[in-house]
Amino acid sequence: MALLLLISKIHICKKGRGRFFMVKNSFISVSSQKEKEENRGSVEFQVFSFTTKIRRLTSHLELHKKDSSSQRGLKKILGKRQRLLAYLSKKNRERYKELIGGLDIRERKTR
């Protein structure tokens, strides 16, 4: 499984008389080239790549709230990931639970 790194960039913006700071978060996936070539077709790799795209688009939409084309793209990617996860949960429940735990996607139910 690959690693996700969170990188924060601070932008100084001048508007009128005052200054304000914007923090832009970006996620970078760290995995070896060999690992990427071996697992491209697997459900786990596809869910992982969709998750990195979702996190990147979410951080983009925090700054640009009215970007409707990015919102549409985010909804499409969320649907694709949801269908893949549903497929994986039907076929192999153990791999599904391991993937969900590794990527920290779903909230765990506490009772």
Side-chain angles (χ1 to χ4, degrees):
M1 185 68 63
L3 218 67
L4 283 178
L5 294 178
L6 172 66
I7 297 178
S8 298
K9 297 178 185 175
I10 298 175
H11 299 280
I12 301 172
C13 301
K14 295 181 181 179
K15 192 173 187 180
R17 293 184 184 171
R19 287 189 207 165
F20 65 94
F21 299 95
M22 285 192 314
V23 177
K24 183 176 181 181
N25 294 328
S26 58
F27 290 93
I28 297 176
S29 63
V30 179
S31 61
S32 66
Q33 188 66 26
K34 183 179 176 184
E35 186 178 289
K36 283 185 178 181
E37 290 174 0
E38 290 176 2
N39 298 330
R40 281 205 177 138
S42 70
V43 176
E44 288 93 349
F45 182 80
Q46 290 180 18
V47 170
F48 173 76
S49 64
F50 285 146
T51 303
T52 56
K53 286 180 185 180
I54 288 167
R55 289 181 176 156
R56 189 178 65 234
L57 278 173
T58 303
S59 66
H60 168 78
L61 286 171
E62 287 175 358
L63 294 176
H64 309 282
K65 293 181 174 144
K66 295 188 177 184
D67 189 358
S68 59
S69 60
S70 292
Q71 288 176 355
R72 182 174 183 264
L74 177 64
K75 288 177 185 177
K76 288 181 81 167
I77 294 172
L78 281 169
K80 287 180 183 180
R81 185 180 76 176
Q82 185 178 12
R83 286 192 298 274
L84 279 173
L85 287 172
Y87 168 79
L88 187 62
S89 73
K90 288 178 188 174
K91 293 293 180 183
N92 193 340
R93 193 71 174 173
E94 290 180 19
R95 283 173 50 196
Y96 170 77
K97 288 181 180 179
E98 182 180 323
L99 183 63
I100 294 300
L103 293 177
D104 196 30
I105 296 174
R106 306 264 188 238
E107 292 182 16
R108 296 195 175 115
K109 295 178 181 177
T110 56
R111 289 185 183 190

Original post:
At what distance, to the nearest 0.5 angstrom, does CG of N92 lie from CD of E44?
Top reply: 8.0 Å
Original post:
Under the side-chain contact (heavy atoms from CB on, under 4.5 Å) criterion, do V47 and L88 qualify, and how do the steps go?
Top reply: CA-CA 10 Å; V47 170; L88 187 62; 5.8 Å; no
Subject >> Contact summary for Q71 and K65, nearest pair of heavy atoms >> reply: NE2-O, 2.9 Å
**OP:** List the steps, then state whether side-chain contact (heavy atoms from CB on, under 4.5 Å) holds for R81 with I105.
**Re:** CA-CA 11 Å; R81 185 180 76 176; I105 296 174; 3.7 Å; yes
Original post:
Measuring from S59:OG to I54:CD1, what's the distance to the nearest 0.5 Å?
Top reply: 12.0 Å
**OP:** State, yes or no, whether a side-chain contact exists between K53 and R56 at a heavy-atom distance under 4.5 Å.
**Re:** yes
Subject >> Pairs meeting criterion ring pair (Phe, Tyr, Trp, His ring centres under 6.0 Å) with involvement of residues 75-99, two or more places apart >> reply: none
Original post:
Who pairs with K80 by side chain to side chain contact (heavy atoms under 4.5 Å, CB included), at least two apart in sequence or on another chain?
Top reply: F50, R83
**OP:** Go through the structure and list residues passing side chain to side chain donor-acceptor pair (under 3.5 Å) with S69, not counting sequence neighbours.
**Re:** D67
Subject >> Heavy-atom pair with the smallest gap, counting every atom of L84 and Q46 >> reply: CD1-OE1, 3.5 Å
Original post:
Which residues pass the side chain to side chain contact (heavy atoms under 4.5 Å, CB included) test with L57, sequence neighbours left out?
Top reply: S70, L74, I77
Original post:
Distance from L99 atom CG to D104 atom CG, nearest 0.5 Å?
Top reply: 11.5 Å
Original post:
Can you tell me how far OG of S89 sits from CZ of R95, rounded to the nearest 0.5 angstrom?
Top reply: 11.5 Å
